[in-house]
Amino acid sequence: MHAVSHVSGGVLWANLHLLFWLSLIPFVTGWMGENHFATIPVAAYGVVLFMCAVAYTLLVRCLTNHHGDNRALAEAIGSDRKGWLSLALYLLGIVLAFVHAWLGFAVYIGVALIWFIPDRRIEDRLNQ
């Protein structure tokens, strides 16, 4: 958000959409834990994580398309390989949750590990 100078109503709605999906994480986490990582709760957890990733992607697209002055942000985001990979892995995790719940959960942990290393694209681009 530091790289953005103005927001529109669409950006605010996209942000609200992301916050909605993020607010469901405690519910599905608790449900998954109470049911000892059963198939349906693990798959539901994956659906919520996938929708969080979709909402984040929409927010980024709204921010980069809103104004021409967000060109630096758009260049810093680039093709967003980690974001698209995350979406694909979440879908894989949902499918694998129906094969074996722990396989799906392992994929979700893998996505978290991918994002554990900080993404410095925006910082580097703004400091140029």
Item to complete: Could you pull out all residues at least two apart from Leu58 that satisfy side-chain contact (heavy atoms from CB on, under 4.5 Å)?
Response: His17, Val54
Practice prompt. Return the set of residues passing side-chain contact (heavy atoms from CB on, under 4.5 Å) with Ser23 (not counting sequence neighbours), or none when no residue passes.
Written response: Phe20
Discussion item. Please give me the minimum heavy-atom distance between Val11 and Leu59, naming the atom from each residue.
Written reply: O-CD1, 3.7 Å
Worksheet item: About how many Å separate CD1 of Ile25 and CE of Met32, when rounded to the nearest 0.5 Å?
Response: 10.0 Å
Worksheet, complete the sentence: Residue set satisfying side-chain contact (heavy atoms from CB on, under 4.5 Å) with Trp13, at least two apart, ordered chain then number -> Leu16
Worksheet item: side-chain contact (heavy atoms from CB on, under 4.5 Å) with Ala38: which residues, sequence neighbours excluded?
Response: Asn35, Pro41
Item to complete: Look up atom CG in Leu49 and atom OG1 in Thr29, then write down how far apart they are to the nearest 0.5 Å.
Response: 7.5 Å
Can you give each donor-acceptor pair under 3.5 Å made by side-chain atoms of residues 83-105, sequence neighbours left out, with the distance rounded to 0.1 Å?
unit_1	atom_1	unit_2	atom_2	d
Trp84	NE1	Ser79	O	3.3
Ser86	OG	Lys82	O	2.7
Ser86	OG	Trp115	NE1	2.6
His100	ND1	Trp102	N	3.2

Worksheet item: Does a sphere of radius 6.0 Å around CG in Leu113 hold more than 12 heavy atoms from other residues, nucleotides or ligands, not counting ones at 6.0 Å or beyond?
Response: yes
Practice prompt. For residues Gly46 and Tyr108, report the shortest heavy-atom separation together with the two atoms involved.
Written response: CA-OH, 3.2 Å
Worksheet item: Taking only residues two or more places apart in sequence, or in another chain, which ones meet Thr57 in a side chain to side chain donor-acceptor pair (under 3.5 Å)?
Response: none
Worksheet item: Which heavy-atom pair separates Trp21 from Val48 by the least distance, and what is that distance?
Response: O-CG1, 3.6 Å
